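Following: one structure in structure tokens, then a few remarks.
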Amino acid sequence: MSAITVNHLNKTYKSYRKDPGFFGSVRSLVKRKYENIPAVKDISFTIESGELVGFIGPNGAGKTTTLKCLSGLLFPTSGEISVLGFKPFERKNEFLKQISLVMGQKNQLWWDLPPMETFLLNKEIYQIPKNHFKKTLDELISILEVEDIINIQVRKLSLGQRMKCELIAALLHSPKILFLDEPTIGLDVVMQKKLRGFVREYNKKFNATVILTSHYMEDVRQLCDRIIVIDHGSILFDGKFDELVKKHTQQKIISVIFEKEVLREKLLKLGIIKDFDLPKVVLLVKRENANSVAEKLLKDFSVLDMNIEEPDIEDVIRNVFSKS
Amino acid sequence: MLSAMSFQKANMRYFRIFFLQLQHAIEARSLSVVWFLTSLTTPLLMLIFWSGATAAAGGRIFSWSYSNFATYYLFIALASSMLTAHIEEDVAFEDINKGNLSQYILKPFPYYTSKFLLELPWRLFQGSLAISGIVIVALFFKNLVSVTSSPIILLLAIVIAILAFILSFTFKMILGLLAFWFTEISGVMNVNEIIFSIASGTLIPLEFFPNNLRTLFEILPFSYMIYYPIIAFLGKLNTTSLLQVILMQLLWIFIFSLVYKFTWAKGRKTFTAVGL
């Protein structure tokens, strides 16, 4: 059985629209204009248990709305959602005990108390058996290296420390499904990397289904086998990362370091010169020609080093969105 | 045997959650003291007013002497800090408007119970401040504080006080949930404060109102949150009247719990979980 099934999901927000200025406010006293804003439009997908899926899309694309619907926070305008066989909005205890939603910008930790108190509260709320609680907590504390901070008031912790503790609070009940909304937002590069490693490990170790939204393409590229690209509330792409790259980029990048000086004109015949800063030159070539161009470079020039790379992921995504 | 054990376990769960919340209230104790002092303002002002009024009227107004007034307002201070829930702003502003409600929706624990366990420690903490105040006053002015000496009436008065808190809490929860529909909920809350302070007997004892208004206040739920618990403790009601009060309280709790369920179910559908 699939862990998550979404069929023709629609979510429309009703929003009040006010004309600008003072008279706009006066007019709104008499008559209010409401407008329906579709956030998610007729999306369908299935996610198997143990999958690690990334949702990509610009701000307002519908990623977070989808996550909110999947976790039961929002009432879908139409369509069907089944998560572990439950309808999320019904908030059955059995369902809630198997999921967790971590939001980068919102926290569940008690601001005035040390994180440990929130952990203990969650132990009671999720009715986690004592031994299981202790084992999971010790494990999470040692992986995330937070031994020293769990008894310090939350308000005194740094953003990175708080995020680690948020994760612990969210994982104590060993959820089978983990929704991560922008988990690395505001974190430094080292911390981002650690967090990614941790998510990957959690997914593998517990065969947990993980759905992640992120602005940082690196998060998604390094973590997710499958990505779903959303824009304007619709799915533009659903599949493997490599497929997306293949489908939406016709080019590959060849960076070469030459031993001797070369003439720009000679290289122009091989592809588009993206960067010419001798001894390093970066060429854009057609995907199907990449191998033959590489061979030609090796044959006709003295090459010290050469790399064939996929284009920058940010460029790929930009390409997808510009087409939509 | 098994069910008894699991029942005990479930109770332990509420107990532990309550204690965690109590820690939080103690952690923010300065806030608690300030709130308590705020709740003293109205009773103290009213007391000054009635001291002048009783003196001008030759010592008594209706059957009330100055010491009757003093006792009444002393208990008003206790009831306002112990029995009146102040959860509505938390529900409306923090949970619904700022989106904190999401955290509650995601947990396998009822929102109503979570909030109840959050509110209870504050009431107990502030109530104990008020009780210590009353004890100190009673030590100095022996005749001022006279609660009923009948154990049955005292017992019924305690039941009335507990029901008063549940009634006030459920009402305030509904008030807070209105924020699902109104972004500017402060206006509604202010109107409620005005009606509440008059109809609950906080400003003036209900005896002093004209008959038709009094009848109206006896039907409305507010007097069962403040006025009746107080006069029950003061021993002004007989057993039959006390039972009638309990009946009215149960009726209002029943009505409010239906309204709460309806508001929660409808409101959740409009919730947009903003700020995430």
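Only a predicted model underlies this, so the values are computations on that prediction, with no experimental measurement involved. To find a chain, count down the sequence lines: A is the first, B the second, and so on, and within it residues start at 1. FYI, side chains are in, hydrogens and waters are out, and symmetry mates aren't considered; it's all heavy atoms of this structure.
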Considering only heavy atoms from C-beta outward, does the side chain of A/N122 approach that of B/K107 to under 4.5 Å?
-> yes
Let me know if A/E94 has heavy atoms under 4.5 Å from chain B in its side chain, its backbone, both or neither.
-> neither
Has A/K97 got more than 12 heavy atoms of other residues, nucleotides or ligands less than 6.0 Å from its NZ?
-> yes
Not counting sequence neighbours, which residues clear salt bridge (charged side-chain N to carboxylate O under 4.0 Å, His left out) with A/K41? List them please.
-> none
Closest non-hydrogen atom pair between B/T272 and A/K68, with its separation | O-NZ, 3.4 Å
Note: vs chain A, highest number of non-hydrogen pairs under 4.5 angstrom among B/I17, B/L101, B/L106 is B/L106
Starting at CD1 of B/I105, measure out to CG of A/L101 and round the result to the nearest 0.5 Å.
-> 11.0 Å
Test salt bridge (charged side-chain N to carboxylate O under 4.0 Å, His left out) applied to A/E35 - qualifying residues, sequence neighbours left out = A/R17
Flag, side chain of A/R91 to backbone of B/P108, donor-acceptor distance under 3.5 Å | no
Contact origin within A/K123 toward chain B - heavy atom pairs under 4.5 Å = side chain
Can you tell me if B/R268 uses its side chain to pair, donor with acceptor, with the backbone of A/F89 under 3.5 Å?
-> yes
Could you tell me the separation between the CZ atom of B/F109 and the CG atom of A/L121, rounded to the nearest 0.5 Å?
-> 8.5 Å
What parts of residues 120-129 of chain B touch chain A if we use heavy atoms and a cut-off under 4.5 Å?
-> none
Just how far is it from atom CZ of B/F18 to atom CD of A/E124, taken to the nearest 0.5 Å?
-> 14.5 Å
Show the atom names and distances, to 0.1 Å, of all donor-acceptor pairs under 3.5 Å that link a side chain in residues 168-175 of chain B to residues at least two apart or in another chain.
{"unit_1": "B/S168", "atom_1": "OG", "unit_2": "B/A85", "atom_2": "N", "d": "2.9"}
{"unit_1": "B/T170", "atom_1": "OG1", "unit_2": "B/Y112", "atom_2": "OH", "d": "2.7"}
{"unit_1": "B/T170", "atom_1": "OG1", "unit_2": "B/I166", "atom_2": "O", "d": "2.7"}
{"unit_1": "B/K172", "atom_1": "NZ", "unit_2": "B/A85", "atom_2": "O", "d": "2.9"}
{"unit_1": "B/K172", "atom_1": "NZ", "unit_2": "B/E88", "atom_2": "OE2", "d": "3.4"}

What part of A/I125 lies closer than 4.5 angstrom to a heavy atom of chain B: side chain, backbone, both or neither?
-> both
